[in-house]
Structures are given as C-alpha cells and as structure tokens.
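This report refers to the structure that appears directly beneath it.
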Amino acid sequence: MNATSSTSIVANGLSSNGATPPTGQSECSFNDSHREPTNFAVVAQNGFSHPPYQMHNEEIVHHLYHAGFQTGNYADTILHVHQNTYRLHAIVLSRSPLLAHLMSTSPQSGAQRVIYVQLEHEPEVTQEGFAIALGYLYSSISLSLIRPDNARGVLAAGCLLGGMDELCGYAYDACRQSINVETINEWLEFIDTIPSSPDGSLSPELSLTSVFGHFTQRLRDDVFHFLVVTLPNALEINSSESDPSQGHTGRDTLLRVFSLVPFDMFKSAVESRAFEIGSDQARFKFAKDVIEVRKRGIARGHGAEETVVLAFGGGHPGGSAVHITRKIRKRPLWKVNS
C-alpha cells in the first residue's frame with residue numbers, strides 16, 4: 001500500500017476539532033523472560049488505576065484520531081463530499097457500511113482509492129455533522145463535539161454512514177433536549193417535510209426512504225409531546241379550572257406556536273386528551289382562535305378550509321369533544337356558451 005503523509009489539518013475539512021483528546025502516556029510492563037504482561041494485581045499496587053492494555057488502547061485511538069483523521073497522515077483513500085476533501089484510511093472507513101460499499105464498488109485508477117459521497121438529496125446531512133460522524137469512525141471523542149445546534153446534522157450523517165448506534169443515540173438525545181420555545185419553529189419546519197398518514201402517524205414507507213430511519217418517528221413524537229404536554233405546562237395554562245381570559249401572555253405564545261403547526265399534527269394535538277388547557281369550551285375557543293390566525297398564515301393558499309366543532313355531550317367516552325376538520329374548497333366552475 002502506498003502511503004502518503006500530510007500535515008494539513010484543513011485538508012480533512014476541519015481547522016480544529018474543538019476538543020483535546022487524552023494525552024497521558026502509559027507504559028505496559030513486561031516480564032523479560034516470557035514477554036508477558038505483568039499481573040494486573042501487581043500493576044494496581046504500583047499505582048495504575050486501569051489495566052495497562054486499556055491505557056495502551058487509548059493511546060492508539062488518540063494517535064489514530066490525531067494523526068489519522070485530523071491531519072490525514074499516511075492516507076490511502078481520498079473522500080469527496082460537499083466541497084470538502086478528506087484524506088482517510090480504508091481500514092477505518094470500512095466500519096461504515098456505506099463507505100465500505102463505495103470503496104468496493106468505485107472504480108480505481110491510481111494508487112489511492114477515490115470515493116464520492118453524493119448528498120444532493122440529503123439536505124439534513126450538514127458539513128459539520130458529516131465531519132463529526134467521520135471522526136467517530138476513528139474515535140468516540142467525536143461525541144464531545146455534539147451540540148444542540150448541530151445534533152440533527154450529526155444524527156443524519158450517522159444514520160447515513162451506518163454502524164454508529166452510539167453516535168446516533170447521543171445525537172438523538174441532544175435533538176430531543178433541544179426542543180424548546182426558541183427552537184420549536186425550526187422543528188415544525190422539519191416536521192412539515194415528513195409525509196404523514198391521515199391520522200397524523202408516520203407514512204409506512206417513510207422509514208425506508210428517510211435518512212433518519214426509525215428516528216424520524218421518534219423525533220416527530222418528541223415534537224408532538226412538547227406541543228401537547230411540555231409547552232402548556234411550561235406556560236402554566238393547563239389547569240382545567242383556569243380562565244382562558246387570564247394569563248394572556250402564555251396563551252398568546254401557545255396560540256402563536258400552534259398557528260405554525262402542520263395540519264395533521266395540529267388536529268391530533270388539539271384533539272388529544274393529553275392537551276390539558278382547561279375545559280372543552282376553553283379548548284374549543286383556543287382552537288377557533290388558532291384557526292383564525294392560520295387562515296392568514298399557514299393555511300392560506302392551500303386551497304383548504306379548517307374548522308373546529310364542539311360535540312354536544314362531551315363527545316365519545318375517553319375521546320375529545322373538540323374536533324378539527326379540513327375540507328378542500330371547490331373551485332368555481334365556468335360555463336362556456338356554445
């Protein structure tokens with residue numbers, strides 16, 4: 001294998017990895033006569049808190065991440081993605097099913113492998129998210145680079161590359177924890193791109209086509225729970241005895257958020273018994289006010305009319321007395337005289 005050395009950190013798409021890997025040195029003591037590791041009990045008595053092979057493994061991983069991923073030393077594979085070029089190593093990239101497939105199927109003409117990752121149809125995979133996922137193939141230190149603002153891009157990249165359950169789990173948790181009043185509009189835009197069934201659930205075929213796989217439904221459920229339970233509780237307007245005319249600030253915030261919710265989720269949320277904002281009458285009045293705002297915003301131009309109905313007698317047992325409907329406006333017919 002021809003090896004090429006590079007000392008440019010920028011060559012791998014990162015000017016800095018934002019974290020400092022462990023730099024502690026460790027040594028493994030050997031018995032000179034048999035070249036076998038010293039007994040662990042003896043090592044512990046000599047002040048080692050971990051078995052020597054564990055520290056040795058950490059040193060190897062640190063070296064791979066710094067010399068291999070960050071600087072691209074001795075690279076045998078060139079990876080092109082977005083507008084970035086990465087100098088990487090086939091044996092490490094093979095941990096990813098996608099990259100292993102690309103390496104085995106891409107025609108090679110030179111000493112180094114050259115592969116291209118096409119992301120034109122994967123807008124959720126960001127440059128930063130992809131770089132963090134690539135780094136995770138070398139070291140779990142990439143987990144420390146996940147933040148609420150980049151977590152969805154990391155999750156998308158991890159799901160795309162495959163074989164990164166731990167990374168995806170960390171990124172998903174960061175996504176879930178990032179859902180709040182300040183970010184809900186962004187999450188609603190994301191939810192609006194997800195096709196759903198008439199009952200508001202995920203389309204059956206979506207798990208096969210979405211880059212997020214099974215995380216798609218989980219993220220949708222998290223946004224729904226935030227709208228129905230977390231947000232009303234945070235705004236302190238979920239008491240059944242409260243007067244909707246009071247606490248205008250909280251109610252107005254809830255109204256503003258719901259005016260941007262995609263229809264299927266809006267309908268499911270308002271009709272959910274978990275959506276406790278007072279009596280059925282209070283829920284009906286809230287839904288009516290939201291629909292009025294939606295007419296001037298999200299529902300405008302969709303060719304549909306949203307309405308709310310309050311069922312007499314409280315509706316079905318265990319169900320909601322408030323029902324949201326939507327019907328398509330009929331287009332006017334023009335009579336053509338012969």
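Glu305 and Arg326 are not joined by a salt bridge, as no carboxylate oxygen comes within less than 4.0 angstrom of a charged side-chain nitrogen. In summary, Asp76 and Arg87 do not engage in a salt bridge, as defined by a charged side-chain N under 4.0 Å from a carboxylate O. Salt bridge absent: Glu236 and Arg251 never bring a charged side-chain N and a carboxylate O closer than 4.0 Å. Using a 4.0 Å cut-off between charged nitrogen and carboxylate oxygen, Arg273 and Asp280 count as a salt-bridge pair. With salt bridges taken as basic N to acidic carboxylate O contacts below 4.0 Å, none links Asp221 and Arg218. Salt bridge annotation for Lys288-Glu292: absent, with no cationic side-chain nitrogen under 4.0 angstrom from a carboxylate oxygen.
Side-chain contact check for Asn180 versus Thr183: some heavy-atom pair is nearer than 4.5 Å. Looking at heavy atoms from C-beta onward, Pro148 lies out of side-chain contact with Gln177 at the 4.5 angstrom threshold. Proximity of Ile78 to Ile115: side-chain heavy atoms (C-beta onward) are nowhere separated by under 4.5 Å. Trp187 places a side-chain heavy atom less than 4.5 Å from the side chain of Cys175. Between Val117 and Phe130, some side-chain heavy-atom pair lies under the 4.5 Å cut-off. At a threshold of 4.5 Å between non-hydrogen side-chain atoms, the residues Thr77 and His89 do not count as touching. Side chains of Lys327 and Glu306 form no contact here, defined as non-hydrogen atoms less than 4.5 Å apart. Between Phe190 and Val223 the shortest side-chain heavy-atom distance does not fall below 4.5 Å.
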>> Walk me through whether Gln127 and Asn84 qualify under side-chain contact (heavy atoms from CB on, under 4.5 Å).
In response: CA-CA 8 Å; Gln127 293 189 36; Asn84 294 331; 3.2 Å; yes

> Would Leu79 and Leu99 count as a side-chain contact (heavy atoms from CB on, under 4.5 Å) if you check the C-alpha gap in whole Å, the side-chain angles of each, and the deciding distance to 0.1 Å?
Replying inline: CA-CA 9 Å; Leu79 185 151; Leu99 299 182; 3.8 Å; yes

> When you look at Leu231 and Leu235, which way does the side-chain contact (heavy atoms from CB on, under 4.5 Å) test go after all the steps?
Replying inline: CA-CA 6 Å; Leu231 184 58; Leu235 298 175; 3.8 Å; yes

>> What verdict does the side-chain contact (heavy atoms from CB on, under 4.5 Å) test give for Leu254 and Leu227, after you've listed the backbone C-alpha separation in whole Å, the side-chain angles of each residue and the deciding distance to 0.1 Å?
In response: CA-CA 9 Å; Leu254 192 66; Leu227 293 172; over 6 Å; no

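Across all non-hydrogen atoms, the minimal contact from Ala133 to Gly158 is CB-N, 4.1 Å. When all heavy atoms of Ile277 and Ala282 are compared, the closest pair comes out as O-CB, 4.0 Å.
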Which atom pairs, donor and acceptor, lie under 3.5 Å between side-chain atoms of residues 159-168 and protein residues at least two apart or in another chain?
unit_1: Glu166; atom_1: OE1; unit_2: Tyr136; atom_2: OH; d: 3.0

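Side chain of Ser259 to main chain of Arg256: a donor-acceptor pair is present (N/O by atom type, distance under 3.5 Å, no hydrogens or angles). Between the side chain of Arg113 and the main chain of Ser104, no donor-acceptor pair closer than 3.5 Å is present. When atom types are taken as modelled, the side chain of Thr105 and the backbone of His101 share a donor-acceptor pair closer than 3.5 angstrom. No side-chain donor-acceptor contact under 3.5 Å links Glu122 to the backbone of Val211. Panel note: side chain Gln217, backbone Phe215; no donor-acceptor pair is recorded below 3.5 Å. A donor-acceptor pair under 3.5 Å is absent between the side-chain atoms of Thr126 and the main chain of Asn150, judged by distance alone.
Between the OG1 atom in Thr216 and the CD atom in Glu124 there is a gap of 9.5 Å [rounded to 0.5 Å]. Interatomic distance, CZ of Phe258 versus CD1 of Ile291, reported as 12.0 Å (0.5 Å rounding). Here the straight-line distance linking atom CD of Gln54 with atom CD of Glu58 works out to 5.0 Å at 0.5 Å rounding. One finds the CG atom of Asp192 at 10.0 Å from the CG atom of Leu260 (value rounded to the nearest 0.5 Å). The CD1 atom of Ile132 lies 12.0 Å from the CD1 atom of Ile141; values are rounded to the nearest 0.5 Å. Separating the OG atom in Ser139 from the NE2 atom in His63 is a distance of 13.0 Å, to the nearest 0.5 Å.
Atom CD1 of Ile60 is surrounded by more than 12 heavy atoms from other residues, nucleotides or ligands within 6.0 Å. No more than 12 heavy atoms of other residues, nucleotides or ligands lie within 6.0 Å of OH in Tyr170, so this atom counts as exposed by the packing criterion.
Ring pair Tyr138/Phe69 is tilted by interplanar angle, where 30° to 60° counts as tilted.
Taking the six-membered ring wherever Trp is involved, the centroid distance between the rings of Phe212 and Tyr172 does not fall below 6.0 Å. Between Phe224 and Phe266, the ring center distance fails the sub-6.0 Å criterion.
There is a side-chain donor-acceptor pair under 3.5 Å between Thr307 and Thr325.
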